Amino acid sequence: MKKHLKELTNFSFGSTSGIITNMSLIIGLGASNLSKTAIIGSLLVIAVADNISDSLGVHMYKESESSGTKESVIATIGNFTARLIVSLSFVLIMLLFPIGKAEIITLVWGLLLLVGLSYLIARRNKDNPFIETTKHVVVALIVIAASRYAGSLIKSHF
């Protein structure tokens, strides 16, 4: 596999997971009426704990494929780095803007990242970028809507 294709593969899982997880967390916790501090704290926990957990999962997956130690480590580091950068970008949004504006900026930023990544993957795979991007955005929007609904339920029942 060409080097740039491997790099995109290692980067894409971590980025996609980070984008959708962080957007959903901000929208869901925002709907539950949590404070900005609580949302930022949650984002930082996700940036570290969930990131390490996912990275270990990627590492073990690569080991189960008998990919070799070097490839497993590269995939693990790529996943961790991608998720950390994405997560910190969402933390920065929360730090700079009030919650209401941050939610809108989060959606725009996250969807732009997802569309860009989907486009790159579709082009690499010689798929229709519009169809692939649409599928990925629809899934992300379903997850975000479910998170918003869950946050609303929490707000109304607790």
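Treat the numbers as computed from the prediction; the structure is a model and nothing was measured.
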- Item | Qualifying side chain to side chain donor-acceptor pair (under 3.5 Å) pairs, either residue in residues 86-98, two or more places apart | Asn22-Ser87, Ser89-Trp109
- Message: Apply the hydrophobic cluster definition, ILVMFWY joined by side-chain contacts under 4.5 Å directly or through others, and give me every member besides Tyr149.
- Response: Leu153
- Item | Results of side-chain contact (heavy atoms from CB on, under 4.5 Å) for Thr106 - residues two or more places apart only | Met23, Ile26, Phe90, Ile93
- Can you sort out the partners of Ser118 under side-chain contact (heavy atoms from CB on, under 4.5 Å), two or more places apart, ordered by chain and number? Leu114, Thr133, His136
- Query: Is any side-chain heavy atom of Ile121 closer than 4.5 Å to a side-chain heavy atom of Glu132?
  - Reply: no
- Task: May I have all residue pairs that pass salt bridge (Lys or Arg N to Asp or Glu O under 4.0 Å) and include part of residues 149-158, sequence neighbours excluded?
- Result: none
- Message: Checking one residue: Met60. Which other hydrophobic residues are in its cluster under the side-chain 4.5 Å linking rule?
- Response: Leu56
- Query: What pairs meet the salt bridge (Lys or Arg N to Asp or Glu O under 4.0 Å) rule with one or both residues in residues 87-110, with sequence neighbours excluded?
  - Reply: Glu103-Arg148
- Taking only residues two or more places apart in sequence or in another chain, which ones pass side-chain hydrogen bond (donor to acceptor under 3.5 Å, both in side chains) with Thr134? none
- side-chain contact (heavy atoms from CB on, under 4.5 Å) involving Leu92 - partner list, sequence neighbours excluded: Leu96
- For Ser35, all residues meeting side-chain contact (heavy atoms from CB on, under 4.5 Å), sequence neighbours excluded: Thr37, Ala38
- Determine yes or no for a side-chain-to-main-chain donor-acceptor pair under 3.5 angstrom, with Ser55 supplying the side chain and Ile52 the backbone. no
- Qualifying residues under salt bridge (charged side-chain N to carboxylate O under 4.0 Å, His left out), relative to Glu63, sequence neighbours excluded: none
- Among Ile, Leu, Val, Met, Phe, Trp and Tyr joined by side-chain contacts under 4.5 Å, find the other residues sharing a cluster with Ile154 and list them by chain and number. Phe158
- Item | Check: Lys36 side chain, Met94 main-chain N or O, donor-acceptor pair, under 3.5 Å | yes
